[in-house]
Amino acid sequence: MRSWNSSISGRGLLVVVVLLMHLGVAVKSQLSSDFYNSTCPNLLKIVRKQVNTAIMNEIRMAASLLRLHFHDCFVNGCDASVLLDGSDSEKLAVPNLNSARGFDVIDTIKSAVESECPGVVSCADILAIAARDSVLLSGGPSWKVLLGRRDGLVANQTGANNGLPSPFESVDEIAAKFAAVGLNLTDVVSLSGGHTIGLARCATFSTRLFNFSGTGAPDTTMNTDMVTDLQNLCPQSGDGNKTTALDRNSTDLFDNHYFKNLLNAKGLLFSDQNLFSNTSSQAGSTTKALVESYSNSSKLFFQDFVNSMIKMGNISPLTGTNGQIRNNCSVVN
Ligand code: HEM
Ligand SMILES: *[C@@H]1O[C@H](CO)[C@@H](O)[C@H](O)[C@H]1NC(C)=O
Ligand SMILES: *[C@@H]1O[C@H](CO)[C@@H](O)[C@H](O)[C@H]1NC(C)=O
Ligand SMILES: *[C@@H]1O[C@H](CO)[C@@H](O)[C@H](O)[C@H]1NC(C)=O
Ligand SMILES: *[C@@H]1O[C@H](CO)[C@@H](O)[C@H](O)[C@H]1NC(C)=O
Ligand SMILES: *[C@@H]1O[C@H](CO)[C@@H](O)[C@H](O)[C@H]1NC(C)=O
Ligand SMILES: *[C@@H]1O[C@H](CO)[C@@H](O)[C@H](O)[C@H]1NC(C)=O
Ligand SMILES: *[C@@H]1O[C@H](CO)[C@@H](O)[C@H](O)[C@H]1NC(C)=O
Ligand SMILES: *[C@@H]1O[C@H](CO)[C@@H](O)[C@H](O)[C@H]1NC(C)=O
Ligand SMILES: *[C@@H]1O[C@H](CO)[C@@H](O)[C@H](O)[C@H]1NC(C)=O
């Protein structure tokens, strides 16, 4: 009797497991590139035009829009939570405050989309398309953006403070934060290549310039000419909001020079340089080898970057009847 019962429940369990595996596959492929084909056929054209206008107006906007999608996806998944105002706003979290930008551009794109296809396109998908277009218009690769994400109902300031990587973290700490959202070391290095465009504030790297970690000297993993240069730009107790290029060779061009810089001790952020210069862990050895490969082959970098962007864009999307399509990206309906 007992063994019959357990044989039945064993069979039941097997059926449940098989069902779940099928669901798992379904979850993975829930987003699709033609999601808005019938409901908003010109969506990609509308967004491309708006992103192009924004970048023509200010070239740095490409970098800012790419970063917004990343900061969205790492916190509660790619659900446009980063765009929400209010007391728990992620905009007020340390990595975003006085730093994240492009919110006005996203609002402009959303208005343009709403006037042609009211109430159907999510802010989360607009972030994903704008990031792709920003990379492409900066000279980088293109890819088919997967769509069908819906917008979240809450922001998560604590999630942003804890989940987003910090420029003061070493390779193992960065890797752990990526692993927490299902991204591996290849993703860490290829996506860090996003720092081939855009700027960073003195406050994000000035700890490296004078008395690094209490050593009484600058970070030895930074090229000495670059140290001198940055000391002049970012004097002690100077304006921490002053900005400089993450890739000093080709600031506005999406290329693999970010990785060549790391080989030459010219990474701007501690977290950037650590991907190449810290081989004290297995992770560090792996990221160093990847940096070398990407510095050698922009083709490989572009391929891996595209794969990792698609992976990042797939972090916990809301689909089906979950979440909503926001009317205004900065407030829930
Ligand atoms: C690996 C861990 C990462 C760390 C620690 C990090 C940290 C930072 C910091 C500190 C800044 C400067 C912010 C400021 O000055 O206020 C920055 C800028 C930027 N980040 Fe990252 N980031 C990381 C990964 C990424 C990823 C995955 C992407 C996109 C794929 C990305 C894209 C950008 C871009 C484009 C900028 C320039 C933004 C602008 O000019 O407005 N970052 N990042
Ligand atoms: C959606 O549109 C794209 C581009 O026009 C096309 O390549 C694709 O076949 C369409 N998909 C469907 C399901 O209609
Ligand atoms: C916020 O993010 C944390 C992860 O850092 C998670 O544990 C928590 O459930 C999230 N809160 C909300 C309200 O989504
Ligand atoms: C190297 O990485 C390890 C592990 O992430 C970290 O503990 C250590 O502080 C790092 N050292 C340097 C010099 O960056
Ligand atoms: C990371 O995952 C991708 C698949 O998404 C895989 O091709 C790659 O080899 C993995 N990288 C590492 C270092 O495990
Ligand atoms: C560097 O910092 C350490 C600890 O923060 C301090 O003890 C030391 O006096 C500083 N050295 C210089 C040269 O400022
Ligand atoms: C940057 O500017 C903001 C306001 O514009 C100010 O509140 C903040 O303290 C400044 N941050 C730094 C690091 O100087
Ligand atoms: C960028 O690097 C190339 C070599 O890869 C060099 O010829 C060029 O002068 C560098 N440009 C700047 C602005 O550093
Ligand atoms: C870089 O490429 C050259 C030839 O294309 C090859 O000989 C060398 O081993 C490569 N180095 C790395 C680190 O991949
Ligand atoms: C969107 O909501 C914000 C409030 O967070 C408001 O300031 C803004 O005017 C609204 N935009 C539109 C287009 O209604």
Side-chain angles (χ1 to χ4, degrees), residues 28-29 71-84 86-101 124 143 146 150-168 171-193 199-209 230 233-244 269 275 279 281-294 300-318 322-323 332:
K28 253 192 135 177
S29 55
H71 280 205
D72 179 30
C73 292
F74 266 57
V75 184
N76 285 20
C78 311
D79 66 345
S81 58
V82 70
L83 304 177
L84 289 172
S87 59
D88 206 25
S89 180
E90 294 165 25
K91 298 178 186 181
L92 305 177
V94 174
N96 291 327
L97 187 66
N98 301 315
S99 180
R101 54 204 298 285
W143 62 93
L146 298 182
R150 291 165 65 84
D151 298 323
L153 305 177
V154 292
N156 191 343
Q157 199 175 107
T158 310
N161 277 319
N162 297 337
L164 289 169
S166 145
F168 311 116
V171 54
D172 283 25
E173 294 168 300
I174 302 278
K177 288 190 173 173
F178 276 65
V181 293
L183 300 180
N184 67 19
L185 292 174
T186 306
D187 304 314
V188 167
V189 180
S190 68
L191 292 175
S192 291
L199 310 180
R201 295 171 303 147
C202 291
T204 64
F205 59 83
S206 58
T207 50
R208 306 183 67 195
L209 303 178
L230 293 176
L233 182 81
C234 312
Q236 281 168 301
S237 70
D239 179 5
N241 285 320
K242 213 185 282 180
T243 56
T244 191
L269 307 178
L275 298 177
T279 51
S281 67
Q282 180 59 52
S285 304
T286 302
T287 56
K288 180 182 181 179
L290 286 164
V291 168
E292 285 170 342
S293 305
Y294 296 152
L300 181 66
F301 165 46
F302 282 11
Q303 273 171 6
D304 284 4
F305 183 80
V306 164
N307 286 332
S308 297
M309 282 297 286
I310 292 168
K311 260 172 100 171
M312 185 175 83
N314 264 314
I315 300 174
S316 314
L318 296 169
N322 292 321
V332 296

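Start at 1 and go down the list; that is how both ligands and their atoms are numbered. Since we're looking at a predicted model, the values are computed, not measured. Just the heavy atoms: all of them, side chains too, but no hydrogens, waters or symmetry mates, feed the values below.
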Q: Check whether the side chains of S190 and S308 place a donor and an acceptor atom closer than 3.5 Å, and report yes or no.
A: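 On atom types as modelled, these side chains qualify, holding a pair under 3.5 Å.
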
Q: Is the side chain of N161 donor-acceptor paired with the backbone N or O of V94 at a distance under 3.5 Å, no angle test?
A: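 Pair found, side chain donor or acceptor close to backbone of V94.
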
Q: Of the non-hydrogen atoms in T204 and P167, which two are nearest, and what is the gap between them?
A: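 What the structure gives for the nearest pair is O-CB, 3.7 Å.
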
Q: Suppose we measure from atom 9 (O) of ligand 5 to each protein heavy atom; which comes out shortest, and what is that distance?
A: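 Here the nearest protein heavy atom works out to T186 OG1, 4.3 Å.
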
Q: Is the distance between the ring centroids of F178 and F74 under 6.0 Å?
A: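 Yes: the rings meet the under 6.0 Å criterion.
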
Q: Nearest heavy atom to atom 13 (C) of ligand 3: which of V181, N161, V154, T158 does it belong to?
A: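 It is V154 whose heavy atom sits nearest to atom 13 (C) of ligand 3.
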
Q: Counting only heavy atoms on the protein side, is anything nearer than 4.0 Å to atom 7 (O) of ligand 3?
A: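 Neighbour list for atom 7 (O) of ligand 3 is empty of protein heavy atoms (cut-off 4.0 Å).
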
Q: For atom 5 (O) of ligand 3, which protein heavy atom lies nearest, and how many Å away is it?
A: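 Ranked first by proximity to atom 5 (O) of ligand 3 is G159 CA, 3.6 Å.
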
Q: Please report whether ligand 7 has a polar contact with R201, defined as an N or O pair separated by less than 3.5 Å (distance criterion only).
A: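 No; every N/O pair is 3.5 Å or more apart.
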
Q: Take S281 and D172 through the side-chain hydrogen bond (donor to acceptor under 3.5 Å, both in side chains) test and state the conclusion after the steps.
A: CA-CA 8 Å; S281 67; D172 283 25; 2.6 Å; yes

Q: Would you say that L146 contacts N314 through its side chain, given a criterion of any heavy-atom pair below 4.5 Å between the two side chains?
A: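 Touching, per the 4.5 Å side-chain cut-off.
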
Q: Among all protein non-hydrogen atoms, which one is nearest to atom 11 (N) of ligand 3, and what is the separation to 0.1 Å?
A: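 Protein heavy atom at minimum distance: N156 ND2, 2.8 Å.
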
Q: Give a yes-or-no answer on whether the side chains of T186 and D304 include a donor-acceptor pair shorter than 3.5 Å.
A: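 There is no such pair between these side chains.
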
Q: Return the closest protein heavy atom for atom 4 (C) of ligand 7 as residue, atom name and distance.
A: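 Looking only at protein heavy atoms, the one closest to atom 4 (C) of ligand 7 is N98 OD1, 4.0 Å.
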
Q: Among all protein heavy atoms in this structure, tell me which lies nearest to atom 1 (C) of ligand 5, with the distance rounded to 0.1 Å.
A: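 Sorting protein heavy atoms by distance from atom 1 (C) of ligand 5 puts N184 ND2, 1.4 Å first.
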
Q: Of K91, E90, H71, which meets side chain to side chain donor-acceptor pair (under 3.5 Å) against N96?
A: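 Single pass found, and it is H71.
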
Q: Examine ligand 3 and decide if any of its atoms is less than 4.0 Å from a heavy atom belonging to N76.
A: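 Yes, N76 has heavy atoms under 4.0 Å from ligand 3.
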
Q: Quick one: which ligand 7 atoms are inside 4.0 Å of a heavy atom on N241?
A: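 Result: 1 (C), 2 (O), 3 (C), 8 (C), 10 (C), 11 (N), 12 (C), 14 (O).
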
Q: Can you list the atoms of ligand 5 that are under 4.0 Å from a heavy atom of K311?
A: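 Counting from 1, the qualifying ligand atoms are 1 (C), 2 (O), 3 (C), 4 (C), 5 (O).
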
